[in-house]
Amino acid sequence: MSIQSKAPLRASQRKELQRQKLRRQARLRALVLLVIIGAAWIIDFAFFNNTTSNNSAYAFIIAKSVALGALLNWVAQTVFAWFVFRYSGAQARQNIVGSLYFGQIVKWVIVIAGFSLIFMTIKSLSAAAIVVGFMTMQIGQFLTLWKIR
């Protein structure tokens, strides 16, 4: 058990503490993604998977769709976080603001292009499940940010 010092942290210590928090947040987001995909697969297998059908093209449509929606959200949010946390410090405040705006634009481009690509290329999917996967991942990311210290 370490005793907390009242001395202020040096800049290098603050940056390392921030990096640790960001790594923890990234691990939590990846865990949320895996939990969503696993839960969708279990629900699809238990309730929607028709084992009497021999057509494998329609197997696990709900699970694949939820996984695609959640993965799209995860990729977009990860790219956004990379842009936002590239710069730090008071001297880089204009770069931080510019990165925030540019990261948000890139995030929306990824989301729009991702949805377009998913709907144009994959034939057997559930549009509602893709949106549910996307929104579930968004809620999961919000919950992981809620009480992180």
Side-chain angles (χ1 to χ4, degrees), residues 9-51 53-149:
L9 295 175
R10 292 184 303 214
S12 62
Q13 292 172 323
R14 283 193 308 270
K15 280 190 175 196
E16 184 57 34
L17 188 61
Q18 182 184 21
R19 284 187 193 111
Q20 289 174 359
K21 287 180 181 181
L22 291 173
R23 282 188 215 110
R24 181 175 178 216
Q25 184 61 34
R27 285 191 302 268
L28 281 173
R29 284 196 325 256
L31 180 64
V32 167
L33 176 67
L34 292 175
V35 167
I36 290 170
I37 292 172
W41 184 82
I42 290 169
I43 290 170
D44 197 3
F45 182 76
F47 297 109
F48 299 110
N49 194 17
N50 187 1
T51 56
S53 172
N54 289 333
N55 192 353
S56 64
Y58 296 105
F60 295 107
I61 291 175
I62 303 292
K64 287 189 279 190
S65 300
V66 168
L68 285 170
L71 187 64
L72 176 62
N73 186 300
W74 181 79
V75 167
Q77 194 67 25
T78 301
V79 169
F80 172 72
W82 182 80
F83 274 106
V84 169
F85 293 110
R86 279 193 307 178
Y87 301 106
S88 65
Q91 273 71 22
R93 66 181 175 263
Q94 287 185 340
N95 290 339
I96 293 170
V97 173
S99 291
L100 184 76
Y101 287 126
F102 189 69
Q104 190 69 17
I105 291 168
V106 170
K107 176 183 168 183
W108 279 106
V109 167
I110 289 172
V111 168
I112 292 168
F115 273 123
S116 300
L117 188 65
I118 289 170
F119 287 123
M120 287 190 313
T121 58
I122 301 173
K123 300 300 177 200
S124 60
L125 54 80
S126 169
I130 290 174
V131 172
V132 166
F134 187 87
M135 293 177 70
T136 304
M137 187 66 194
Q138 188 68 33
I139 292 168
Q141 289 176 356
F142 173 74
L143 292 176
T144 61
L145 287 172
W146 192 8
K147 288 282 185 172
I148 299 295
R149 295 178 193 245

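Because only heavy atoms are used, hydrogens play no part in the values below, and waters and symmetry mates are left out as well, while side chains stay in.
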Give the minimum heavy-atom separation between [X] and [Y], together with the two atoms involved.
| X | Y | result |
| --- | --- | --- |
| D44 | A63 | OD2-N, 3.0 Å |
| G103 | F83 | CA-CB, 3.7 Å |
| S124 | K64 | OG-NZ, 4.5 Å |

Approximate separation, where rounding is to 0.5 Å, of [X] [atom1] and [Y] [atom2]:
| X | Y | atom1 | atom2 | result |
| --- | --- | --- | --- | --- |
| I61 | I122 | CD1 | CD1 | 11.5 Å |
| L117 | L72 | CG | CG | 9.5 Å |
| T136 | L33 | OG1 | CG | 11.5 Å |
| I62 | L125 | CD1 | CG | 9.5 Å |
| R29 | T78 | CZ | OG1 | 4.5 Å |

Check whether any side-chain heavy atom of [X] lies under 4.5 Å from a side-chain heavy atom of [Y], and answer yes or no.
| X | Y | value |
| --- | --- | --- |
| L145 | Q25 | yes |
| Y101 | Q104 | no |
| F80 | L100 | yes |
| V32 | I36 | yes |
| K21 | R24 | no |
| V111 | F134 | yes |
| F115 | I130 | yes |

Residue pairs, two or more places apart or on separate chains, that pass side chain to side chain donor-acceptor pair (under 3.5 Å) and touch residues 65-76: N73-Q138, N73-Q141

F119 atom CZ, neighbour heavy-atom count above 12 within 6.0 Å: yes

